[in-house]
Amino acid sequence: ESARLQEHGDRRVAWMRYLDGLNFVSLFQTPVDEKHHPRAPGKPRFFRRDALMWNADGINFVLVGGVPRPQMEAIRAALVK
């Protein structure tokens with residue numbers, strides 16, 4: 001549906017938003033900041049009720065949406081292939 005780049009402090013955030021007429025999903029991407037927040041690639045984790053976070057290949061990903069967790073996990077799996 002839409003995408004944009006935003007400045008957040010000294011970082012650029014890519015924000016993609018998908019709508020199907022009923023539900024929404026937003027995907028946020030930022031580069032991993034090893035200096036301030038070192039984080040090895042790890043398995044994804046949910047925080048809050050509607051957000052899934054993981055990192056891969058030097059990028060932090062946060063998937064937020066009004067869809068069930070299994071569907072969010074399926075979206076993440078499709079993105080990391």
Side-chain angles (χ1 to χ4, degrees):
E1 284 290 321
S2 65
R4 67 184 190 186
L5 288 174
Q6 292 181 239
E7 298 293 326
H8 185 66
D10 62 346
R11 304 176 92 192
R12 293 184 107 185
V13 179
W15 175 25
M16 279 108 350
R17 187 167 139 178
Y18 306 90
L19 304 165
D20 69 1
L22 181 61
N23 296 304
F24 77 92
V25 174
S26 289
L27 178 65
F28 299 89
Q29 299 178 353
T30 59
V32 171
D33 182 356
E34 293 291 338
K35 185 176 180 181
H36 295 102
H37 303 285
R39 186 179 287 267
K43 60 184 186 178
R45 66 181 176 90
F46 279 93
F47 67 100
R48 299 189 348 192
R49 208 178 64 152
D50 60 351
L52 177 60
M53 182 168 83
W54 73 96
N55 60 56
D57 299 322
I59 306 280
N60 291 315
F61 297 91
V62 179
L63 185 62
V64 180
V67 296
R69 284 185 174 195
Q71 191 171 355
M72 291 182 74
E73 290 169 342
I75 293 168
R76 186 202 66 82
L79 290 170
V80 297
K81 283 186 178 181

Checklist entry - Knowing that exactly one of Asp20, Ile75, Val64 qualifies, which makes a side chain to side chain contact (heavy atoms under 4.5 Å, CB included) with Val25? => result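 Going through Asp20, Ile75, Val64 one by one, the side chain to side chain contact (heavy atoms under 4.5 Å, CB included) with Val25 is satisfied by Ile75 alone.
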Heavy-atom closest contact ([X] atom, [Y] atom, distance):
X     : Y     : result
Val62 : Ala51 : CG1-CB, 4.4 Å
Met72 : Val67 : CG-CG2, 3.3 Å
Phe61 : Asn55 : CD1-CA, 4.3 Å
Pro31 : Asn60 : O-ND2, 3.7 Å
Ser26 : Arg17 : OG-CG, 3.8 Å
Arg76 : Leu63 : N-CD2, 4.4 Å

Next on the checklist: Let me check something: do Met16 and Leu52 share a hydrophobic cluster, defined by ILVMFWY side-chain heavy atoms less than 4.5 Å apart, either directly or through other members?
Outcome noted: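 Met16 and Leu52: one cluster.
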Next on the checklist: When you group the ILVMFWY residues by side-chain heavy-atom contacts below 4.5 Å and let the links chain together, are Phe46 and Leu79 in the same group?
Outcome noted: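 Yes, same cluster.
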Next on the checklist: For a 4.5 angstrom cut-off between non-hydrogen side-chain atoms, does Phe28 reach Met53?
Outcome noted: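 Contact flag for Phe28/Met53 side chains = no.
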Checklist entry - Are Trp15 and Leu27 side-chain neighbours, meaning at least one heavy-atom pair lies under 4.5 Å? => result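 Result no, sub-4.5 Å side-chain heavy-atom pair not found.
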Next on the checklist: side-chain contact (heavy atoms from CB on, under 4.5 Å) for Val80 and Trp54? Distances and angles first, verdict last.
Outcome noted: CA-CA 10 Å; Val80 297; Trp54 73 96; 3.5 Å; yes
Next on the checklist: Taking CZ in Arg12 as the centre, count heavy atoms belonging to other residues, nucleotides or ligands within less than 6.0 Å. Is the count above 12?
Outcome noted: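 Counting neighbours around CZ of Arg12, 12 or fewer heavy atoms of other residues, nucleotides or ligands fall under 6.0 Å, so no.
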